[in-house]
Amino acid sequence: LVWKNVEKNQEFIYHQGTVNDFYLLKADGTFTLYDENNNLLWNKMPYQPVQYTSKCLPSHNCPFLFLHNDGVLTIDYMDTNGMWLSYDTDIIYSMDSDDEGN
């Protein structure tokens with residue numbers, strides 16, 4: 001898992017894994033990485049509350065990750081008032097720091 005910010009000329013390598021490793025976004029917004037045996041390798045919690053919403057879009061539950069055409073990755077979800085929120089993952093996870101995750 002490599003995080004790059006080309007505007008700031010920063011790169012952080014959080015995990016060098018195998019082809020069968022996979023990521024999972026949990027209902028509380030925790031960004032996780034597992035190996036093929038479902039062992040947790042890495043995780044990062046968001047720096048503000050994220051909640052699960054069933055069918056926030058016709059084909060999606062929330063939260064979900066969305067990769068925009070310009071390369072920005074956002075986490076999208078609804079707050080407790082039903083308001084749509086979309087945050088740059090670089091900000092909500094503070095990925096531009098050298099924090100190793102949890």
Side-chain angles (χ1 to χ4, degrees):
L1 176 62
V2 176
W3 195 268
K4 278 188 164 187
N5 185 324
V6 293
E7 290 179 356
K8 296 180 182 178
N9 195 28
Q10 293 177 323
E11 179 179 292
F12 300 102
I13 300 173
Y14 290 102
H15 176 72
Q16 293 179 343
T18 65
V19 70
N20 294 321
D21 293 348
F22 62 96
Y23 80 90
L24 178 69
L25 183 64
K26 294 196 167 195
D28 67 356
T30 302
F31 191 42
T32 60
L33 184 67
Y34 291 90
D35 68 14
E36 63 186 34
N37 297 314
N38 292 328
N39 295 310
L40 179 65
L41 301 172
W42 178 88
N43 72 335
K44 188 115 174 167
M45 295 181 67
Y47 286 98
Q48 67 181 50
V50 171
Q51 72 172 30
Y52 175 82
T53 305
S54 178
K55 297 293 183 190
C56 61
L57 294 175
S59 61
H60 289 87
N61 295 329
C62 284
F64 65 88
L65 296 174
F66 182 71
L67 182 59
H68 295 258
N69 291 337
D70 61 0
V72 173
L73 183 65
T74 60
I75 181 171
D76 294 9
Y77 62 98
M78 298 179 86
D79 70 8
T80 55
N81 296 317
M83 180 173 223
W84 186 264
L85 300 172
S86 181
Y87 286 97
D88 186 331
T89 55
D90 188 33
I91 295 168
I92 198 166
Y93 294 109
S94 293
M95 296 298 261
D96 62 351
S97 71
D98 59 4
D99 178 12
E100 295 285 325
N102 300 320

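Bear in mind that the values here come from a model prediction, so they are computed numbers and not experimental data.
In terms of modelled atom types and a separation under 3.5 Å, the side chain of N37 and the main chain of N39 share no donor-acceptor contact. In this structure, N81 contributes its side chain and M83 its backbone to no donor-acceptor pair below 3.5 Å.
Nearest heavy atom pair, residue Q51 against residue D79, reads NE2-O, 3.3 Å. Of all non-hydrogen atoms in N43 and L40, the two that sit nearest each other are CB-CD1, 4.2 Å. Across all non-hydrogen atoms, the minimal contact from Y77 to P49 is OH-O, 3.5 Å. Shown here for P46 and G29, the closest heavy-atom pair between the two residues is CD-O, 3.5 Å. Scanning both residues, I75 and Y93, for their nearest heavy atoms gives CD1-OH, 3.3 Å.
Using a 4.5 Å cut-off on side-chain heavy atoms (C-beta onward), K55 and N61 make contact. Residues W42 and Y23 fail the side-chain proximity criterion, which asks for heavy atoms closer than 4.5 Å. Here the side chains of F22 and N38 are in contact, with some heavy-atom distance below 4.5 Å.
One hydrophobic cluster, built from ILVMFWY side chains closer than 4.5 Å, holds both V50 and L65. Transitive grouping of hydrophobic side chains (ILVMFWY, heavy atoms separated by less than 4.5 Å) brings L73 and L25 into a common cluster.
If you take NZ on K26 and OG1 on T32, they are separated by 5.5 Å, rounding to the nearest 0.5 Å. F31 CZ to L24 CG: the interatomic distance, rounded to the nearest 0.5 Å, is 9.5 Å.
W84 belongs to a hydrophobic cluster with L57, F64, F66, M78, counting contacts under 4.5 Å between side-chain heavy atoms of Ile, Leu, Val, Met, Phe, Trp and Tyr, direct or through other members.
Atom CG of N69 has 12 or fewer heavy atoms from other residues, nucleotides or ligands within 6.0 Å.
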